[in-house]
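Below is one structure, written out as structure tokens; comments come after it.
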Amino acid sequence: VQLQAFGGGLVQAGGSPRLSCAASGGTFSSYATAWIRQAPGKEREFVAGFTRSGSNTYFSDSVKGRFTISRDNTRNMMLLQMNSLKPEDTAVYYCAARSGPLATMAAAYDYWGQGTEVTVSS
């Protein structure tokens with residue numbers, strides 16, 4: 001499956017951008033899918049994700065209550081709605097997929113999009 005993330009850019013603190021992930025060559029219903037980010041100088045960090053069925057979600061503590069995710073298996077699209085952005089949310093955001101169960105370790109993911117950069121100004 002090929003993934004492409006888009007929708008990033010420069011955002012003011014408190015802003016609410018939305019990131020999109022489009023899949024081709026496969027269907028989301030076959031994969032656990034996630035948003036994973038990498039801040040400058042830091043390791044990749046799990047942000048939020050769906051189980052393969054799409055019926056369950058999981059959020060990291062750092063974004064819980066501020067970010068929401070949605071997934072449309074028929075359109076092979078996954079969205080990340082980011083609210084109340086903080087400067088520490090600045091990162092490159094990747095959508096990723098794996099054939100196994102949802103995982104919170106970035107290294108567990110087999111398929112990655114190219115990433116879209118989000119910069120939050122204070």
**OP:** Begin from the C-alpha positions of Met78 and Cys95 and carry the test side-chain contact (heavy atoms from CB on, under 4.5 Å) through to its verdict.
**Re:** CA-CA 8 Å; Met78 181 172 66; Cys95 58; 3.9 Å; yes
Original post:
Cut-off 3.5 Å, side chains only: do Arg52 and Ser30 have a donor facing an acceptor?
Top reply: no
Subject >> Side chain proximity check, Gln81 to Asn83, heavy atoms < 4.5 angstrom >> reply: yes
Original post:
Taking the six-membered ring for Trp, are Tyr93 and Trp35 ring centroids under 6.0 Å apart?
Top reply: no
**OP:** Flag the pair Gln38 / Tyr94 as yes when at least one side-chain heavy-atom distance between them is below 4.5 Å, and no otherwise.
**Re:** yes
**OP:** Taking all heavy atoms of Thr116 and all of Gly8, pick out the closest pair and write down the distance.
**Re:** OG1-N, 3.0 Å
Original post:
Would a hydrophobic clustering, with Ile, Leu, Val, Met, Phe, Trp and Tyr connected at side-chain separations under 4.5 Å, put Val1 with Phe28?
Top reply: yes
Subject >> Polar side-chain atom of Ser20 near backbone of Phe6 as donor-acceptor pair, under 3.5 Å >> reply: no
Original post:
Where is the tightest heavy-atom contact between Ser84 and Ser16, given as atom of each residue plus distance?
Top reply: N-OG, 4.2 Å
Original post:
What do you reckon, is NZ of Lys64 surrounded by more than 12 foreign heavy atoms closer than 6.0 Å?
Top reply: yes
Original post:
What distance do Arg18 atom CZ and Thr68 atom OG1 have between them, rounded to the nearest 0.5 Å?
Top reply: 9.5 Å
Original post:
Which atoms form the tightest heavy-atom contact between Arg71 and Ser53, and what is the distance?
Top reply: NH2-C, 3.6 Å
**OP:** Quick one: pull up OG in Ser70 and CG in Leu80 and give me the separation to the nearest 0.5 Å.
**Re:** 9.0 Å
Original post:
Does a side chain donor of either Glu45 or Ser62 reach within less than 3.5 Å of an acceptor in the other side chain?
Top reply: yes
Original post:
Any donor and acceptor pair, going by atom type alone, linking the side chain of Gln114 with main-chain N or O of Ala5 inside 3.5 Å?
Top reply: yes
Original post:
Hey, mind stepping through Lys42 and Arg37 against side-chain contact (heavy atoms from CB on, under 4.5 Å) and telling me if it holds?
Top reply: CA-CA 10 Å; Lys42 295 187 177 181; Arg37 68 185 181 186; over 6 Å; no
**OP:** Using the rule that two of Ile, Leu, Val, Met, Phe, Trp, Tyr join whenever any of their side-chain heavy atoms come within less than 4.5 Å, decide whether Trp112 and Leu102 are in one cluster.
**Re:** yes
Original post:
Say you draw a straight line from CG of Asp110 to OG of Ser99; how long is it, rounded to the nearest 0.5 Å?
Top reply: 5.5 Å
**OP:** Check the hydrophobic clustering (I, L, V, M, F, W, Y; side-chain heavy atoms under 4.5 Å; chains of links allowed) and say if Phe67 and Phe50 are grouped together.
**Re:** yes
Original post:
What are the two closest non-hydrogen atoms of Pro101 and Ala32, and how far apart are they?
Top reply: C-CB, 3.9 Å
Subject >> Flag, side chain of Asn73 to backbone of Thr27, donor-acceptor distance under 3.5 Å >> reply: no
**OP:** Apply the side chain to side chain contact (heavy atoms under 4.5 Å, CB included) test between Val47 and each candidate in Ile69, Val63, Ile36; give the one that qualifies.
**Re:** Val63
Original post:
Does the ring centre of Tyr31 sit less than 6.0 Å away from the ring centre of Tyr111?
Top reply: yes
**OP:** Apply the test side-chain contact (heavy atoms from CB on, under 4.5 Å) to residues Ser121 and Leu10: give CA-CA distance (whole Å), side-chain angles for both, the deciding distance (0.1 Å), then the verdict.
**Re:** CA-CA 7 Å; Ser121 62; Leu10 178 63; 4.3 Å; yes
Original post:
Can you hop from Val92 to Tyr109 via hydrophobic side chains spaced under 4.5 Å?
Top reply: yes
Original post:
Which atom pair, heavy atoms only, marks the closest approach of Arg44 to Ala106?
Top reply: CB-CB, 3.8 Å
Subject >> Test applied, side chain to side chain contact (heavy atoms under 4.5 Å, CB included); reference residue, Val118; option that passes from Leu19, Asp89, Thr90 >> reply: Leu19
Subject >> Test log, rule side-chain contact (heavy atoms from CB on, under 4.5 Å), inputs Thr104 and Phe59 >> reply: CA-CA 9 Å; Thr104 58; Phe59 294 86; over 6 Å; no
